[in-house]
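All values reported here derive from a predicted model rather than from experimental measurement. Order of listing sets the numbers, starting from 1, for every ligand and every atom in it. Side chains are part of it too, since the values below use all heavy atoms of this structure and drop only hydrogens, waters and symmetry mates.
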Amino acid sequence: MKEQSLPTLGEFIIEKQMDFKYSSGEFSRLISCIQIASKMVNRFINKAGITNVLGEAGNRNVQGEEQQKLDVIANEIFINALSQREVVCGVASEENDDFIEIRSGANAELSKYVVLMDPLDGSSNIDVNVSVGTIFSIYRRITPAGTPVQLEDFLQKGTNQVAAGYIIYGSSTMLVYTTGNGVNGFTLDPSLGSYYLSNPNMRFPEDGKIYSINEGNYIKFPQGVKDYIKYCQREEENRPYTSRYIGSLVADFHRNMIKGGIYIYPSTSQSPRGKLRLLYECNPMAFLTEQAGGKASDGFRRILDIEPTELHQRTPFFCGSRKMVEKVEEFMRNAPE
Ligand code: AHG
Ligand code: MN
Ligand code: MN
């Protein structure tokens, strides 16, 4: 079989760099840095069963959750890659209590960007060989270049993102990102070690038939979500829908973007603000969603318009095909208090 000659991620970035309205050289270096880190994480994930990286690291992250060894490894890989190349002035990670300032020495003026990330998403799936991911979100700093980064550089509304994306370590490894001009997906050819443009201009179908939610929590859901689930299951028109829930946001999102569907992590009676983190998970996924023609909300308002007040802030999250998100919002609005 003749292999197609698709553009590599590096070639694509150079070709499209004029689309990026800010300093493009710096941005290209930043993406290439993420690309390198993702290949290192990929290497660990691929041989997870034969090296001593499965299981829990024996400590808890800032949210009181058990850290998997690979959570710690992926976090270190991304932070090291980003801090050693003078491409960013700060990093905030789901796995760290506070943001990290990166001093760039003589080139401090060059570092205008901050990165927020979930280094390993869906980490409980690692031990059972199910897809996991990395999510990243990039902003321009607000405070002056050359000075230490401040909390306000990270607490920006999602609409300020200049780029966002994820890596899915699945049956193949893909890097999917946006700079505000649509969404493009690149597949890693492991034998060559390069990402190739496999999914140009990715779009959410307007409507879909897949709903992804942890239904085990049904009893704790708000009435609007319970009503929407019953709507999905009703035998009417093109329903019942199909239920698919991997437990890795990145993987559930990726499938829904390709096939059409909705992902929901609502508030629960135990966690009124939901589980997912606004800055590391919801904002980047919401930016990708809108760029792919979908919709992302907290059930009532647009995710990207939320003013963050804390680094590890959580929010209910509804995202996917536009019509499906509009439908569940209707149920949320109409549900009794
Ligand atoms: P993380 O591994 O970064 O903590 O994220 C897990 C998230 C998300 O990826 C997933 O969809 C959700 O938590 C699963 O939560 P439940 O097990 O509560 O359904
Ligand atoms: Mn996560
Ligand atoms: Mn994580």
Side-chain angles (χ1 to χ4, degrees), residues 37-38 41 44-45 48 53-57 59-79 91-97 115-137 164-170 176 210-221 225 229 243-257 261-286 288-289 296 298 303 311-320:
S38 77
V41 172
F44 269 103
I45 289 171
V53 294
L54 293 179
E56 290 160 1
N59 45 345
R60 287 171 183 272
N61 70 10
V62 63
Q63 278 110 22
E65 298 155 339
E66 288 283 357
Q67 283 181 300
Q68 304 290 308
K69 286 181 191 171
L70 264 164
D71 280 332
V72 181
I73 293 167
N75 195 37
E76 278 172 11
I77 289 175
F78 273 93
I79 291 172
V91 179
S93 162
E94 181 191 272
E95 298 299 333
N96 293 92
D97 297 5
V115 174
L116 294 95
M117 62 172 182
D118 175 356
L120 199 71
D121 172 67
S123 52
S124 65
N125 276 325
I126 267 288
D127 289 5
V128 290
N129 205 353
V130 170
S131 302
V132 291
T134 296
I135 308 173
F136 59 91
S137 167
Y166 60 81
I167 295 105
I168 175 168
Y169 310 97
V176 175
I210 298 173
Y211 70 104
S212 313
I213 183 167
N214 185 344
E215 267 179 82
N217 293 327
Y218 184 88
I219 207 78
K220 303 182 211 157
F221 289 155
V225 173
I229 291 174
S243 164
R244 289 282 182 273
Y245 189 74
I246 295 170
S248 292
L249 166 64
V250 166
D252 280 309
F253 178 97
H254 188 75
R255 181 204 52 243
N256 290 351
M257 179 161 61
I262 185 169
Y263 174 95
I264 304 177
Y265 210 109
S267 60
T268 63
S269 45
Q270 268 167 345
S271 314
R273 302 190 71 175
K275 175 184 184 187
L276 300 182
R277 298 83 171 169
L278 175 63
L279 296 175
Y280 313 115
E281 294 167 317
C282 303
N283 269 340
M285 292 317 228
L288 288 159
T289 304
D298 71 352
I303 288 291
L311 268 183
H312 295 281
Q313 186 167 334
R314 295 171 193 264
T315 177
F317 192 50
F318 299 68
C319 101

Would you say that more than 12 heavy atoms from the other residues, nucleotides or ligands in this model lie under 6.0 Å from the CG of Asn214, or not? yes
Quick one: which ligand 1 atoms are inside 4.0 Å of a heavy atom on [X]?
{"X": "Leu120", "value": "2 (O), 3 (O)"}
{"X": "Asp121", "value": "2 (O), 3 (O), 5 (O), 6 (C), 8 (C), 9 (O)"}
{"X": "Leu249", "value": "8 (C), 9 (O), 10 (C), 11 (O)"}
{"X": "Glu281", "value": "3 (O), 5 (O)"}
{"X": "Asp118", "value": "3 (O)"}
{"X": "Gly247", "value": "9 (O), 10 (C), 11 (O), 14 (C)"}

Should [X] and [Y] count as side-chain neighbours, where that means a heavy-atom distance under 4.5 Å?
{"X": "Ile264", "Y": "Tyr211", "answer": "no"}
{"X": "Ile210", "Y": "Asp252", "answer": "no"}
{"X": "Arg255", "Y": "Ile246", "answer": "yes"}
{"X": "Tyr218", "Y": "Ile213", "answer": "no"}

Just to be sure I'm reading this right: ignoring hydrogens, which of Tyr245, Tyr263, Tyr265 gets closest to atom 18 (O) of ligand 1? Compare them by their nearest heavy atoms. Tyr265
My understanding is that only residues two or more places apart in sequence, or in another chain, count here; which of them pass ring pair (Phe, Tyr, Trp, His ring centres under 6.0 Å) with Tyr166? Phe253, His254
Can [X] be said to touch ligand 1, with heavy atoms closer than 4.0 Å?
{"X": "Leu276", "result": "yes"}
{"X": "Arg277", "result": "yes"}
{"X": "Asn125", "result": "no"}

Of the side chain and backbone of Ser123, name the one, both, or neither that has a heavy atom under 4.0 Å from an atom of ligand 1. both
Calculate, to the nearest 0.5 Å, the distance between atoms [atom1] and [atom2] belonging to [X] and [Y] respectively.
{"X": "Leu278", "Y": "Ile303", "atom1": "CG", "atom2": "CD1", "result": "6.5 Å"}
{"X": "Ile135", "Y": "Asn283", "atom1": "CD1", "atom2": "CG", "result": "11.0 Å"}
{"X": "Asp298", "Y": "Cys319", "atom1": "CG", "atom2": "SG", "result": "12.5 Å"}

Listing by chain and number, what protein N/O/S atoms are under 2.8 Å from the Mn ion (ligand 2)? Asp118 OD2, Asp121 OD1, Glu281 OE2
Taking N or O atoms only and a 3.5 Å limit, does Lys275 qualify as a polar contact for ligand 1? yes
Ligand 1 to Ser124 polar contact by distance, N or O atoms, under 3.5 Å: no
Assess, by modelled atom type and distance only, whether the side chains of Asp71 and Ser123 contain a donor and an acceptor separated by less than 3.5 Å. yes
My understanding is that only one of Thr134, Asp121, Ile167 makes a side chain to side chain contact (heavy atoms under 4.5 Å, CB included) with Val250; could you say which? Asp121
Among Ile126, Ile168, Asn125, exactly one meets side chain to side chain contact (heavy atoms under 4.5 Å, CB included) together with Ser248. Which residue is that? Asn125
